Amino acid sequence: MNIIYDEKNETFLLHTEKTTYGIAVVDGRYLEHMYYGASLDNADIRYLLREDENPGVPSANKRETGAFLDCAPMEFPETGMGDYRESAFCIRSMSGYRASELTYEGYAVEDGKPELEGLPATWGEKENCRTLKLFLRDRLLGARVTLLYSVFESSDAVTRSVIVENKGEEPFYIEKILSACLDMDDRGFEVLGLFGSWARERHVQRMPLGYGRQNIASFKGNSSHQEHPFMALVTPGTTQDSGEVYAMNFVYSGNFIAQAEKNQFDSVRMMMGIHPEGFTWKLEPGQCFTAPEVVMTYSSEGLGKMTRTFHDLYRNHLIRSPYLHEKRPILINNWEATYFDFDEKKLLEIAEEASELGIEMLVMDDGWFGKRSMDDSSLGDWYVNEEKLKGGLNALVENVKQTGMKFGIWVEPEMISPESELYRKHPDWAIQIPGRDITQSRAQYVLDLSREEVADEVYEMIAAVLRSADISYVKWDMNRQIATMGSSSLPDDRQGELAHRYILGVYRMQERLITDFPELLLENCASGGGRFDPGMLYYSPQIWCSDDTDAVERLAIQEGTAMLYPVSAIGAHVSVCPNHSVGRTTPFETRGDVALLGTFGYELDITKLSPEEKDLVKVQVEKYHKYNDLIREGDYYRLASAAENRYYDSWMIVEKDKSRALLFYVQVMARANAKSRFIRLAGLDPERRYEAEGKEYTGNTLMQAGIRIPAEFGDFKSRLIEIRGR
Ligand code: GLA
């Protein structure tokens with residue numbers, strides 16, 4: 001029993017293996033948050049609500065309901081009645097009033113986990129998950145609100161979402177609906193987030209939480225390169241294996257906000273949901289709105305435990321692809337090899353050479369369709385350019401298959417070039433505000449995917465291409481963020497629904513794609529890692545992590561990405577040097593080792609490699625086959641971060657049964673007159689004996705004293721060490 005209702009005390013306790021989450025009903029109508037943290041027994045913890053302290057509860061102190069509302073720890077705070085902290089919920093009536101008074105009405109407990117209509121979400125079976133539903137109602141407007149809490153016992157995760165139903169006679173507008181809120185006393189928290197830019201995604205940042213509000217957000221139409229739908233509050237000094245961590249991650253790919261607010265009473269409100277900027281949703285009587293899911297986890301054992309909770313939850317309960325537990329084909333993508341300048345001969349040449357070296361799939365990137373020879377035309381014209389690919393797509397695919405390789409293709413279904421047949425035919429299909437110029441980005445516009453007929457027509461064009469040849473893989477790209485938000489098909493008072501409807505449209509299209517083509521391996525991408533989030537992982541088992549393929553830059557990008565997402569989901573390739581993004585030259589071996597922490601592949605003109613480099617490709621291919629099962633399925637431990645220490649980076653992957661592990665070490669900057677360094681390993685069995693590089697150790701020695709890594713001459717040197725249990 002992991003959801004306990006204490007009838008006498010009117011409290012709920014939600015237990016996972018190592019955590020407890022507590023909720024109470026106050027005055028028979030308010031839902032307050034009692035506790036989230038390390039496991040508690042089923043004792044009465046109602047005293048944590050301070051009900052006997054000033055201002056007390058409204059039934060006992062009617063003159064101060066305002067003070068109560070503004071300081072009580074609320075489960076789902078609302079706008080308009082006197083809680084002046086950030087609210088999670090705001091509705092506007094048809095008469096224009098912004099307020100609600102949600103009153104608790106009852107609860108239900110279910111085995112497993114209900115689906116969230118039209119949305120990606122984690123799933124759970126009755127053996128591993130139970131769901132608590134709390135029912136609330138605003139009597140005046142007839143709004144019925146259901147708060148959902150699904151408890152994954154063995155994953156130490158609790159997911160939250162909210163369903164609003166209009167049971168009244170009149171429509172109302174939802175102006176804000178966040179999916180999760182967590183009120184607690186401050187403990188000197190620091191805010192941890194992932195920040196970046198195009199080609200510099202998800203760098204870890206930590207900052208103290210001061211009074212006021214600190215948020216991490218995107219209203220760019222996608223989850224973005226710049227900020228990430230994740231926030232953790234950590235106690236000071238938290239490391240990989242010590243300290244307390246409260247984390248939230250949003251299973252959503254559009255506009256989001258994550259916020260921490262410290263108030264006058266030193267309490268902290270942490271929340272996450274759809275960004276209210278530009279958002280309104282009109283709910284007619286009888287209609288429902290479902291807010292996307294937030295995954296929460298608490299760790300008292302530092303960041304590493306949080307990471308492994310997310311990895312396991314996403315591998316076991318989010319990513320649905322049949323390829324999740326499969327070794328993916330080693331691919332070679334022609335983007336950095338040719339950009340737009342290729343034809344069928346060039347692609348075949350790459351395939352022939354790559355196949356000789358053990359690479360298994362050719363991916364034809366941007367430039368194969370319409371009249372596209374630069375990035376300024378043809379998005380939307382999804383038919384093969386036979387001037388470029390003479391003989392057509394099917395002939396090319398068959399020829400590539402003759403070399404023993406599979407074939408994959410790039411598409412960008414969400415976009416439309418002003419310079420395209422599709423735009424000439426349907427100028428109203430682009431997202432736009434009547435009378436204003438559409439803001440251009442990469443010379444392209446965004447398709448209005450809130451309209452089913454738009455999504456359907458584009459989908460059909462792309463599906464026809466996929467049916468026309470034996471295509472094993474699709475890279476689904478999204479190369480700009482959204483502005484001039486407007487849809488010609490939405491009425492005036494529904495324009496605020498567009499951003500969310502757009503994302504629902506994307507989800508619908510991807511669902512259709514993987515349903516119609518169940519064998520397809522789908523990789524998402526958004527100018528590199530502009531939409532690397534749990535929402536997209538529900539549809540594709542891997543996402544291109546960043547357009548920056550430089551091995552050194554990738555260390556920080558992959559460190560931040562792997563802090564939340566399984567290594568098996570991180571698109572990583574070896575590319576040429578000097579690197580196209582930063583001009584840096586790194587050893588070929590290092591590029592290979594860094595790309596092993598991901599899906600692994602190549603992004604270069606293999607016909608131009610030297611014989612020595614080609615030999616190294618063979619070695620890397622061998623390493624991939626040898627280690628990918630372990631890397632894909634094992635437990636990930638971060639040991640050192642060059643982003644913090646400037647000199648070296650290290651991580652390891654440990655087999656679940658601790659029988660084998662792989663240590664990665666990159667000496668980023670060499671130092672003069674340096675000694676060797678002891679790297680303390682993690683996750684091993686302390687009692688067990690292990691062998692590494694011909695020497696024997698106990699697990700305990702490797703974890704407490706460390707393994708010795710010699711200082712090397714030269715920058716960017718990597719080392720990969722296998723640790724085998726005896
Ligand atoms: C984006 C992707 C790249 C490549 C180009 C093609 O930037 O991230 O990998 O596919 O688009 O235009």
Side-chain angles (χ1 to χ4, degrees), residues 196-202 220-226 253 331-342 346-347 350 361-382 385 388 407-417 419-420 440-447 462 465 471 473-482 506 521-533 536 540 542-550 553-554 557-558 561 569-576 579-582 591 595 598-605:
S197 179
W198 169 73
R200 200 160 18 85
E201 297 88 346
R202 290 175 294 286
K220 299 183 158 85
N222 62 10
S223 48
S224 93
H225 301 87
Q226 290 77 11
S253 314
L331 68 81
I332 182 157
N333 178 305
N334 74 306
W335 179 241
E336 287 195 28
T338 66
Y339 296 102
F340 294 100
D341 184 19
F342 62 87
K346 181 70 210 171
L347 294 178
I350 294 178
M361 179 161 75
L362 174 77
V363 176
M364 174 172 71
D365 210 277
D366 193 355
W368 57 267
F369 52 92
K371 297 196 168 56
R372 187 130 162 129
S373 53
M374 259 289 289
D375 61 8
D376 56 1
S377 87
S378 303
L379 294 168
D381 298 344
W382 298 110
N385 179 346
K388 217 172 195 178
F407 190 89
I409 200 167
W410 176 99
V411 290
E412 195 178 355
E414 299 164 56
M415 299 291 154
I416 181 165
S417 304
E419 193 47 51
S420 66
Q440 285 212 32
S441 199
R442 212 192 191 208
Q444 64 198 55
Y445 300 155
V446 184
L447 277 171
I462 290 171
V465 172
I471 293 172
Y473 158 108
V474 163
K475 175 176 170 187
W476 178 306
D477 209 341
M478 193 267 182
N479 274 317
R480 65 157 289 180
Q481 295 169 328
I482 315 179
V506 173
L521 170 57
L522 179 62
E523 175 153 359
N524 267 293
C525 172
S527 301
R531 207 167 54 185
F532 199 126
D533 58 59
M536 300 318 290
S540 68
Q542 59 196 63
I543 302 177
W544 183 228
C545 182
S546 177
D547 275 349
D548 186 346
T549 53
D550 171 65
E553 293 270 298
R554 273 281 181 139
I557 299 171
Q558 293 179 193
T561 308
I570 300 177
H573 299 164
V574 176
S575 64
V576 287
N579 178 269
H580 290 193
S581 300
V582 293
R591 283 176 261 161
T599 55
F600 195 72
Y602 292 84
E603 182 111 4
L604 42 71
D605 188 346

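These numbers come from a predicted model, not from an experiment. In listed order, ligands and their atoms are each counted from 1.
Remark: the D365 side chain and the N333 side chain contain an N/O donor-acceptor pair separated by less than 3.5 Å.
Other residues, nucleotides and ligands place more than 12 heavy atoms under 6.0 Å from the CG atom of D376.
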Measure from every N or O atom of ligand 1 to the protein's N or O atoms and keep only the pairs below 3.5 Å, writing each with atom names and distance to 0.1 Å.
from	atom 1	to	atom 2	distance (Å)
ligand 1	7 (O)	N479	OD1	3.4
ligand 1	7 (O)	D547	OD2	2.8
ligand 1	8 (O)	G528	N	2.8
ligand 1	8 (O)	D547	OD1	2.5
ligand 1	8 (O)	D547	OD2	3.1
ligand 1	9 (O)	K475	NZ	2.7
ligand 1	9 (O)	D547	OD1	3.4
ligand 1	10 (O)	D365	OD1	2.6
ligand 1	10 (O)	D365	OD2	3.3
ligand 1	10 (O)	W410	NE1	3.0
ligand 1	10 (O)	K475	NZ	3.0
ligand 1	10 (O)	D477	OD2	3.4
ligand 1	11 (O)	D477	OD2	2.8
ligand 1	11 (O)	N479	ND2	3.1
ligand 1	12 (O)	D366	OD2	2.6
ligand 1	12 (O)	R442	NH1	3.0
ligand 1	12 (O)	R442	NH2	2.9

inquiry  = Assess the residue pair I350 and I332 against the criterion (side chain to side chain contact (heavy atoms under 4.5 Å, CB included)); give the C-alpha distance rounded to whole Å, side-chain angles, the decisive distance to 0.1 Å, and a yes or no.
reply    = CA-CA 8 Å; I350 294 178; I332 182 157; 4.0 Å; yes
key: Pair D605-K346, salt bridge (Lys or Arg N to Asp or Glu O under 4.0 Å): steps then yes or no   = CA-CA 10 Å; D605 188 346; K346 181 70 210 171; 2.8 Å; yes
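A cation-pi contact links R554 to W544, judged by a cut-off of 6.0 Å to the six-membered ring centre and 45° from its axis.
Side-chain rings of W335 and F340 approach one another, their centers coming within less than 6.0 Å.
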